[in-house]
Every structure is written in structure tokens, then in C-alpha cells.
2 protein chains.
Amino acid sequence: MVLGLVANAGEATPYQLKQFAARSVGNFWTIQHAQLYTECERLAKAGLLDEEREEGGRRRRTYALTGAGREALDAWRATPATELGELRSPGLLQLFFGAEPGPLAAAQVESHAAKLAEYEELHAQAKDWLPDGQRLALEAGIAHEREWLKFWGALA
Amino acid sequence: MVLGLVANAGEATPYQLKQFAARSVGNFWTIQHAQLYTECERLAKAGLLDEEREEGGRRRRTYALTGAGREALDAWRATPATELGELRSPGLLQLFFGAEPGPLAAAQVESHAAKLAEYEELHAQAKDWLPDGQRLALEAGIAHEREWLKFWGALA
DNA sequence: ACCATACCGTCTAGTCTGGATTGTCAAACG
DNA sequence: CGTTTGACAATCCAGACTAGACGGTATGGT
């Protein structure tokens with residue numbers, strides 16, 4: 001994930017990666033922001049990222065892919081994942097354990113509707129210039145929010 | 001989640017909880033098996049579970065809800081979750097970062113089809129005697145596997 | 001000059017993860 | 001009958017991760 005983020009940015013500080021990730025890939029693959037700092041360090045130590053550090057002030061570290069980093073990323077991309085995603089849904093958990101469906105569904109509908117609106121707005125703005133993969137991932141997100149909305153809507 | 005599991009079982013050892021969880025609620029809320037042992041202990045210490053330990057042999061610990069445990073569970077059930085689920089999907093991650101859609105989609109279709117078949121078989125067998133919440137959660141799982149299949153299918 | 005606010009990185013305690021390890025038991029086998 | 005085997009069950013450990021607090025740094029406005 002981190003290699004992908006850096007590749008996508010060209011070069012970036014962990015903080016910038018965090019900002020970008022939070023709005024995009026974070027919707028289906030999250031890590032803690034603190035993790036980005038240690039992970040970049042680790043990848044730099046492993047020779048996959050190149051690290052440049054400011055001397056004064058905030059002493060930001062800026063990272064870019066090395067040749068080895070690009071190779072590792074390409075290798076990863078070329079090995080299609082067979083694993084299914086993991087879902088972690090508090091709402092479904094409550095439903096499973098016998099919560100009253102009505103109020104739960106109402107709460108979930110609201111949340112999912114908000115998320116869907118967010119995705120749709122982003123899609124409307126960005127669909128023409130987003131790289132294919134990113135656009136497709138966003139469209140997957142939209143389709144799934146719609147599906148959740150349908151599911152919870154039927155229960156409300 | 002653990003309170004729910006214990007309530008559902010009436011009384012059970014962590015090992016039994018693990019077995020049940022792996023086949024059911026584990027599909028949308030997972031924890032490590034080792035975690036069940038520590039969590040049950042913690043809940044017992046907090047007065048929410050009652051612990052009974054075998055003297056000889058495997059020294060199994062059997063847990064059951066206490067009054068306070070049932071109250072805590074009821075309170076949790078009565079507070080509808082507004083949080084959205086979190087998804088963690090390696091396939092989408094690769095797609096996002098520019099992997100070739102074709103082969104990736106093919107791999108994902110296969111995995112999702114298998115999962116869907118598993119869910120559908122379970123549904124066919126159990127739909128008549130499963131508690132409502134559990135059946136609904138299973139139906140949500142089925143709907144979502146179908147949706148994923150549609151998504152990746154269109155890309156393959 | 002000063003303040004408010006946003007930016008950015010680091011730290012810590014506690015929790016969780018993955019997997020190995022140790023031990024228990026019942027049934028099958030010679 | 002003693003032994004072996006494989007499933008059952010609990011525990012342990014090092015390392016990774018989490019949540020969020022904290023402490024500095026920059027910037028624009030007064």
C-alpha cells in the first residue's frame with residue numbers, strides 16, 4: 001500500500017501520504033498515520049524507498065521510489081490477490097446478535113446515505129481525470145453503498 | 001461481540017466460542033482466537049461473565065452471562081450503531097494502484113463465487129431455524145457477494 | 001509583536017496478531 | 001492391553017499495531 005501511495009505521488013512526505021490516503025484508498029484499506037512514518041522508514045531501510053530529509057525546521061522526510069521499490073510494486077501488482085476482503089461491520093454485528101432491526105436500520109441508512117453522497121460527489125468531480133484503477137475502485141464503493149442502502153432500507 | 005457469543009451459546013468455553021464464531025459472525029467481525037481467552041477473562045473480572053473451571057484434565061473454563069452481563073449486552077443492543085463497516089480488500093487495493101484488471105478480476109470472481117456458494121448452502125440448510133438476526137446477516141452476506149461478483153465479473 | 005490556527009512528526013502504553021508450543025483426550029491399531 | 005495418532009484445548013511470546021496525546025513549527029491576521 002505504501003509503495004503504491006508513494007508511486008502515485010511521485011514523491012511525498014508521510015504526512016502527505018496520510019492526507020491522500022485518508023480521502024481515497026483509506027476507504028478499503030486503512031492504517032494508522034503513525035504507521036506511515038515507521039513503514040516509510042522500514043521501506044527506506046529495505047532499499048525500496050529513497051529518503052531525503054530537510055535540515056532545518058520541521059525536518060520533513062521526503063520519500064520516492066527506488067528502482068528496487070518500483071520493481072517490488074510491479075511484482076505485487078502482477079500477482080492478483082485471491083483473498084477476499086474482510087468486512088468489519090458493527091451494524092451487522094448488532095443485527096446478528098438480535099438487536100431490534102428497525103432503529104438500527106434507520107441509523108445505518110443515514111450513515112450509508114451520507115457516505116454514498118460523498119462518493120457520488122467525488123465521482124462527479126473526478127471521473128474524467130482519475131486513473132482507471134482509482135475510478136473503478138470508487139465505482140465499486142458506490143455500488144456497495146447502494147447495496148447497503150438497499151439492505152438496511154428494506155429493514156427500516 | 002463476546003457477550004453476544006456467550007448469550008447465544010448459553011454457556012461455553014472460549015474454544016467453543018471460537019468454533020462458532022469462525023463459521024458465522026467471523027464473516028463480518030473477527031478476532032484472534034487467543035483474544036477470546038483474554039477477553040473472557042477480562043469480562044469475568046469485570047463481573048459480566050461467570051467463570052467455572054474444571055479441576056482436572058484440560059481445566060476448561062466455562063463461561064455464562066451474569067445479570068450484569070446480560071444488562072450490558074441489552075444496553076449495547078439497544079444503542080444502534082451509526083458507524084459504517086470497514087472494508088479491507090486486497091483486491092480493490094491492487095485495482096486502485098493500477099494492477100491489470102483482467103487477471104485480478106478473474107481471481108476475485110473465483111474467490112467470491114466460492115464464498116457465495118458457501119453462504120447459499122448455509123442459507124438453504126438453516127434459513128428456517130436460524131434466529132432472525134442471524135438469518136438477515138447471512139442474507140446481507142449473500143447480497144454482497146453477489147454484488148462483488150457483478151463488479152469483478154464486469155471487469156474480467 | 002503577538003495570537004490563533006493549521007501543520008507535522010513523535011511518543012507511549014496498552015492491545016492485538018500470527019503462529020508456535022504444550023498439554024489432554026478418545027479412538028484405532030497392532 | 002499398551003501404543004500411536006490426530007483432534008481438541010489452552011497458553012505463550014515477540015513483534016506489530018492502535019489510539020490518541022503531545023510538542024514543536026509555520027503562517028496569516030491583527
Side-chain angles (χ1 to χ4, degrees), chain A residues 1-3 5-6 9 11-23 25-46 48-64 81-90 93, chain B residues 1-6 9-23 25-46 48-64 81-90 93:
Chain A
M1 176 222 198
V2 174
L3 292 176
L5 283 171
V6 174
E11 98 175 23
T13 67
Y15 190 83
Q16 292 172 319
L17 296 180
K18 167 199 130 174
Q19 306 244 319
F20 174 70
R23 278 176 290 111
V25 69
N27 288 303
F28 48 85
W29 196 273
T30 48
I31 67 174
Q32 276 318 102
H33 67 106
Q35 189 67 10
L36 274 170
Y37 293 90
T38 44
E39 192 60 32
C40 284
E41 218 177 306
R42 188 154 33 201
L43 290 169
K45 204 165 290 172
L48 304 183
L49 291 183
D50 183 45
E51 178 180 317
E52 202 91 5
R53 182 160 201 176
E54 276 183 357
E55 273 316 313
R58 286 183 182 165
R59 303 177 56 66
R60 289 183 188 83
R61 294 173 217 253
T62 303
Y63 293 93
T82 55
E83 305 102 303
L84 299 173
E86 257 179 56
L87 181 63
R88 180 160 261 258
S89 167
L93 187 66
Chain B
M1 174 223 198
V2 173
L3 291 177
L5 283 170
V6 174
E11 96 174 26
T13 68
Y15 191 84
Q16 292 172 320
L17 296 180
K18 167 200 131 174
Q19 306 243 321
F20 173 70
R23 280 175 289 110
V25 69
N27 288 303
F28 48 84
W29 196 274
T30 47
I31 67 174
Q32 279 312 105
H33 68 104
Q35 188 67 11
L36 275 170
Y37 293 91
T38 45
E39 193 59 32
C40 283
E41 219 176 307
R42 189 153 32 200
L43 290 170
K45 204 165 291 174
L48 304 184
L49 291 182
D50 182 46
E51 179 181 317
E52 202 92 2
R53 184 159 199 175
E54 275 184 359
E55 270 321 309
R58 287 181 184 168
R59 304 179 55 63
R60 287 182 190 84
R61 292 175 218 254
T62 302
Y63 293 93
T82 54
E83 306 101 303
L84 298 173
E86 257 177 58
L87 182 62
R88 179 160 261 259
S89 166
L93 188 66

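Chain identifiers are assigned alphabetically (A, B, ...) following the order of the sequence lines, protein sequences preceding nucleic acid strands; residue numbering begins at 1 within each chain.
- Going from atom CD1 of I31(A) over to atom C1' of dT17(C) covers 16 Å, rounded to whole Å.
- For E11(A), the salt bridge (Lys or Arg N to Asp or Glu O under 4.0 Å) criterion is met by no residue, not counting sequence neighbours.
- Considering only residues two or more places apart in sequence or on other chains, Y15(A) meets the ring pair (Phe, Tyr, Trp, His ring centres under 6.0 Å) condition with none of them.
- Screening residues 29-41 of chain A for salt bridge (charged side-chain N to carboxylate O under 4.0 Å, His left out) gives E39(A)-R42(A) as the qualifying pairs, with residues at least two apart or on separate chains.
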Using a cut-off of under 3.5 Å, enumerate the N/O to N/O pairs linking the protein to nucleotides 7-10 of chain C.
from, atom 1, to, atom 2, distance (Å)
dC7(C), O2, R58(A), NH2, 3.3
dC8(C), OP1, R60(A), NH2, 3.2
dG9(C), OP2, Y15(A), N, 3.4
dG9(C), OP2, Y37(A), OH, 3.3
dT10(C), OP1, R53(A), NH2, 3.4
dT10(C), OP1, R61(A), NH2, 3.2

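- Residues forming a salt bridge (Lys or Arg N to Asp or Glu O under 4.0 Å) with E52(B) (at least two apart in sequence, or on another chain): none.
- Side-chain atoms of Q32(A) lie closest to dT18(D) of the nucleotides dT18(D), dC16(C), dA16(D).
- We find that CE of M1(B) is positioned 18 Å from P of dT15(C), with the value rounded to whole Å.
- Across G85(B) and P90(A), no two heavy atoms sit closer than the pair CA-CD, 4.0 Å.
- Rounded to an integer number of Å, the gap from CD of E39(B) to C1' of dT15(C) is 10 Å.
- Take Y37(B) and apply the ring pair (Phe, Tyr, Trp, His ring centres under 6.0 Å) test, not counting sequence neighbours, and it matches no residue.
- The nearest whole Å value for the distance from the CD atom in Q35(A) to the P atom in dT12(C) is 17 Å.
- In this structure, CG of L36(A) is placed 15 Å from C1' of dA16(D), rounded to the nearest angstrom.
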